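Here is the structure we will look at, set down as structure tokens.
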Amino acid sequence: MSQRSAIPSTLADALWRIYRRPDPAPLWERGGNLPWNDPAFSARMLREHLDESHGAASRVAAERAAQLEWLWARLGLSPGSRVLDLTCGPGLYAVPLAGRGCHVTGVDFGPAAIAHARRLAAEAGVAERCVFIEADVRDYQPPAGAFDAALFLYGQLAVFPRAEAAALLRKVAGALRPGGRLCVELLDPARVDKADSSWWFTDDKGLWGDRPFLHLGERRWDEAERTSVERYLILHLESGHLDEIILCDQTYAVEEMTELMRASGFATVAAYPAWDGVALYDAEEWVVYLAEC
Ligand SMILES: C[S@@+](CC[C@H](N)C(=O)[O-])C[C@H]1O[C@@H](n2cnc3c(N)ncnc32)[C@H](O)[C@@H]1O
């Protein structure tokens with residue numbers, strides 16, 4: 001690890017900014033999400049998506065295979081089905097679905113993730129059945145009634161405030177044909193850690209930077225909004241630059257999400273706790289919704 005003999009003034013300024021941080025961490029500040037669309041962060045995050053030693057960014061291959069079997073049956077997919085994968089990441093679900101004959105449109109605003117998805121599709125020889133769009137899902141305008149099924153996996157509908165999530169659900173309902181189905185995976189509110197906590201660690205290289213950094217994290221639960229709020233302060237030791245990230249996770253009771261989906265244009269909604277028994281390391285933490293237009 002490299003070391004500095006004197007503390008740069010930027011580092012001292014950053015320490016004061018940490019000391020003076022707003023407390024409690026404000027909800028939804030700077031979007032309330034990880035900087036997925038920052039090119040450098042996206043490139044570092046891609047390493048995590050592809051790291052088979054953990055399932056933090058994308059689940060590991062064996063678990064994805066089990067999920068894909070479930071999705072294939074429950075979404076009623078068959079070769080030729082048109083599937084919309086919202087927040088598709090590096091295409092680890094979209095490309096296998098295209099491999100089974102589906103026509104898949106993946107939308108994600110992570111540049112490295114989308115580039116990887118396109119590469120993967122080309123390598124698998126299914127590029128002609130895949131369209132990967134680099135865009136914020138809130139801006140993407142799907143053609144009306146163009147899809148048989150849609151995916152919104154790994155909790156990503158929860159990183160938006162309620163009103164934005166409702167608008168997204170209405171948009172997906174409009175993009176599906178009558179009888180089309182949506183699968184949404186959301187954290188089970190009963191399993192969300194509601195205790196305040198904080199942590200720190202240092203590293204030379206990882207998700208938060210490629211040079212020595214100090215990561216300071218804190219988590220709180222906002223009871224009024226039923227939202228988990230995490231704040232990450234990343235102090236880059238050589239430059240003194242400070243990254244401040246706030247990640248909000250909106251939780252939904254099953255009754256609330258069911259009602260929201262119905263109000264958004266879905267005729268029937270079924271909720272499956274614990275991933276309906278699919279063998280995932282963290283299955284107990286999730287509720288999977290199947291909504292049909
Ligand atoms: C936890 S990863 C899951 C990716 C993929 N579904 C998987 O399981 O492999 C979350 C993904 O959501 C994307 N994402 C988050 N917010 C987004 C937004 N507003 N618009 C588009 N993509 C978004 C990120 O870029 C990231 O690729």
Side-chain angles (χ1 to χ4, degrees), residues 28-52 54-68 70-71 75 83-98 104-121 130-142 149-169 171-172 175 182-187 207 228 230 232 245-250 275 278 280-283 285-286 288-289:
W28 307 112
E29 195 166 271
R30 287 185 293 274
N33 199 352
L34 295 176
W36 299 97
N37 51 347
D38 171 79
F41 185 84
S42 180
R44 294 196 300 271
M45 182 58 92
L46 181 60
R47 297 196 300 241
E48 306 301 323
H49 281 292
L50 304 180
D51 184 342
E52 280 288 305
H54 68 78
S58 290
R59 291 197 169 84
V60 297
E63 294 189 344
R64 293 197 304 273
Q67 288 175 302
L68 281 162
W70 190 91
L71 291 166
L75 292 173
V83 181
L84 175 62
D85 185 356
L86 292 165
T87 67
C88 64
L92 304 178
Y93 296 82
V95 173
L97 288 173
V104 187
T105 299
V107 184
D108 199 289
F109 68 1
I114 284 291
H116 184 84
R118 290 181 180 140
R119 246 182 345 258
L120 208 57
C130 292
V131 178
F132 289 109
I133 299 170
E134 187 180 330
D136 190 314
V137 290
R138 292 166 293 184
D139 300 331
Y140 169 64
Q141 294 303 331
L151 309 175
F152 219 137
L153 298 180
Y154 228 178
Q156 291 307 296
L157 186 63
V159 299
F160 305 111
R162 276 191 178 74
E164 290 184 6
L168 278 161
L169 287 171
K171 185 155 67 178
V172 179
L182 164 69
C183 177
V184 177
E185 180 188 7
L186 288 170
L187 283 172
L207 176 60
S228 157
E230 292 193 351
Y232 314 119
I245 298 163
I246 289 185
L247 174 62
C248 296
D249 255 308
Q250 180 73 68
W275 246 105
V278 174
L280 309 177
Y281 84 104
D282 61 346
E285 292 178 25
W286 299 91
V288 183
Y289 293 85

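Both backbone and side-chain heavy atoms feed into the values below; hydrogens, waters and symmetry mates do not. Every number for a ligand or one of its atoms is a count from 1 in the order of the listing. Remember, it's a predicted structure, so these values are computed and weren't measured experimentally.
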Ligand 1: protein residues within heavy-atom distance under 4.0 Å: Asn33, Trp36, His49, Ala57, Ser58, Thr87, Cys88, Gly89, Tyr93, Asp108, Phe109, Gly110, Ala135, Asp136, Val137, Arg138, Tyr154, Gln156, Phe160
Euclidean distance, Tyr289 OH relative to Leu169 CG, rounded to 0.5 Å: 11.0 Å
Asn33 side, atom CG; Leu247 side, atom CG - distance, nearest 0.5 Å: 6.0 Å
Contact summary for His49 and Ser58, nearest pair of heavy atoms: ND1-OG, 2.7 Å
For Pro96, all residues meeting side chain to side chain contact (heavy atoms under 4.5 Å, CB included), sequence neighbours excluded: Leu68
Listed partners of Glu29 passing salt bridge (charged side-chain N to carboxylate O under 4.0 Å, His left out), at least two apart: none
By ring pair (Phe, Tyr, Trp, His ring centres under 6.0 Å) - contacts of Tyr232 (at least two apart): Trp208, His215
